[in-house]
Amino acid sequence: MTLQVDLTHHFPDFTLRAVFEASCGLTAICGPSGAGKTTLINALAGLIEPDDGRIEINQRVLFSKIDKIHVPTEKRRVGYIFQDARLFPHLTVRQNLTVGSWFRHQPIDSHQLAHAIEILGLSHLLARRPATLSGGEKQRVAIGRVMLSEPDFILADEPLSSLDLARKLEIIPYFERLRDETRIPILYVSHQHEEIQRLATKTLTLNGGQLVP
Amino acid sequence: MFDWLSPQETEAVLLSMRVAAWSTIMSLPLGIWVAWLLARKNFVGKQLINGLVHLPLILPPVVTGYLLLMLFGTQGPIGGFLQQFGIVFAFSWTGAVLAAGVMAFPLMVRAIRLSIESADARLEEAAKTLGASNTQRFFVITLPLALPGIITGSILAFAKALGEFGATITFVSNIPGETRTIPSAIYAFMQVPGGEDSAMRLVVLAIFVSMAALILSEWLAKRVAQVVDGR
């Protein structure tokens, strides 16, 4: 699986220009605040439409300005791990994990579900609701939710930044397993060097909207 | 249940209940849809729609009743058209349902809109990344999260419909057993000698029902919000 990106997006004060390829493994996207990191992954997710360019995953075109293709988010088979987890508050942990399969009209793979529950240590939390979980537990559920949705690529937007150091250290190994067990590209936005050093197989640096070699 | 009321009074109470229940049920789907449009969508004419929805709150009820008569009366463009299919509003309890529904609509939409606005739109974004279609997002995420507002809005609309007077009497008159709801009955009893006791009993009942509806909607909204949030 390879994600090929060539996109341009204009802002009033700067222009985001990103050309790169991300293959299996974890590609860290770092850079200062306001460098365009979140815009870049939101464009990959289809949450915003870039002004120009082309995005492909394994020869499947997700966006092409010339061909007027803009595949909507729900059809991109993207997994998005948000900074604030964004679990559904009215659903239990188990329902949060399986709702993706239901959305895509796919039967729940009980073997995979059991595997995700085991490696993320969620078995004692399944009947709970997100409001009663700690920040670290929420983020583990968010990782599980993405794993079980069988995406073609995963985006993570500073997933550890709202956690304290102890929680960060708790979650990092789960990202290592996610990286090693899934054979898909993971784009991981962060500006924490320790995180990037432990997790990244490749690093891209954005500065002022431009990729810096 | 209504032993302490005369047959005429009971008739008015039961009719009011029926009118209020139907007007709430019939306007709820439209109310949810309009509230969702106003809360989540930007489109040309949004302020116009917002204004139209709120108009019955501001206009003298007699004006709303007059407009309903013009539009939905047997001679009106919509009323005349619907008459071909056997649907008649004029001087019928169904007209009272329509009048009550229109008058209660702003209250219903406001409550539902507020609760859709306070539900986190970013959760809908998260659902999108998990493959949820527009319909799935609406029914699985937006609607459950807006449930407290839907309940409050429905109860308020029901209570408002129960007490609607001006538009109803203008549009469908004050026909015993057909369109004489609690407020119309109170008005009628006040016009006849010896009707004061009946009027008083219905007044007390109206106050009691309205207060109960307000307290119930507050309490239910809080309880349901707790259940929805999982706290």
Side-chain angles (χ1 to χ4, degrees), chain A residues 38 41-42 44-48 62 71-106 125 127-133 138 141-142 144-157, chain B residues 28 32 35-37 39-43 111-155 217-231:
Chain A
T38 299
I41 64 167
N42 280 343
L44 298 178
L47 294 173
I48 60 162
L62 299 180
V71 176
T73 302
E74 60 268 27
K75 300 213 167 102
R76 289 201 176 194
R77 298 208 291 272
V78 54
Y80 200 136
I81 300 168
F82 298 92
Q83 191 174 344
D84 48 354
R86 297 198 198 174
L87 302 180
F88 304 122
H90 56 304
L91 304 181
T92 62
V93 167
R94 175 189 283 278
Q95 288 167 330
N96 266 283
L97 290 171
T98 54
V99 74
S101 309
W102 188 84
F103 283 148
R104 285 171 290 105
H105 305 290
Q106 280 171 2
L125 302 174
R128 301 252 296 265
R129 299 271 212 98
T132 66
L133 303 182
K138 280 183 196 166
V141 177
R145 183 170 77 170
V146 159
M147 284 171 70
L148 290 164
S149 72
E150 295 178 21
D152 285 353
F153 61 107
I154 292 176
L155 307 167
D157 187 10
Chain B
L28 193 56
I32 292 172
W36 175 80
L37 269 186
R40 286 281 192 261
K41 295 283 161 187
N42 281 313
F43 53 92
I112 300 173
R113 178 186 179 170
L114 278 176
S115 91
I116 294 179
E117 278 172 349
S118 68
D120 193 346
R122 296 174 313 161
L123 292 175
E124 291 165 27
E125 229 173 49
K128 227 192 259 185
T129 67
L130 288 165
S133 68
N134 289 340
T135 322
Q136 288 174 330
R137 262 192 335 262
F138 181 75
F139 284 105
V140 180
I141 310 298
T142 316
L143 208 56
L145 293 179
L147 208 55
I150 294 172
I151 289 171
T152 318
S154 301
I155 294 176
S217 76
E218 285 290 317
W219 180 79
L220 258 182
K222 254 188 212 145
R223 280 293 301 138
V224 173
Q226 281 171 346
V227 172
V228 167
D229 292 341
R231 276 181 239 283

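Every chain is numbered from 1, with letters handed out A, B, ... down the list of sequences. On a predicted model such as this, the values are computed, not experimentally measured, just so you know.
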Would you list the atom pairs in which one atom of chain B and one of chain A form a donor-acceptor pair under 3.5 Å?
| from | atom 1 | to | atom 2 | distance (Å) |
| --- | --- | --- | --- | --- |
| R122(B) | O | R86(A) | NH1 | 3.3 |
| R122(B) | NH1 | D84(A) | OD2 | 2.8 |
| R122(B) | NH2 | D84(A) | OD2 | 3.1 |
| E125(B) | OE1 | R86(A) | NH1 | 3.0 |
| Q136(B) | NE2 | F103(A) | O | 2.9 |
| V140(B) | O | H90(A) | NE2 | 2.7 |
| V227(B) | O | R129(A) | NH1 | 2.8 |
| V227(B) | O | R129(A) | NH2 | 2.7 |
| V228(B) | O | H90(A) | N | 3.4 |
| V228(B) | O | R129(A) | NH1 | 3.1 |

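- L155(A) does not touch chain B: none of its heavy atoms, backbone or side chain, sits under 4.5 Å away.
- Residues of residues 145-152 of chain B lying under 4.5 angstrom from chain A, judged on non-hydrogen atoms, are L145(B) in numerical order.
- For the pair V140(B)/F88(A), no side-chain contact is recorded, criterion being any heavy-atom separation below 4.5 Å from C-beta on.
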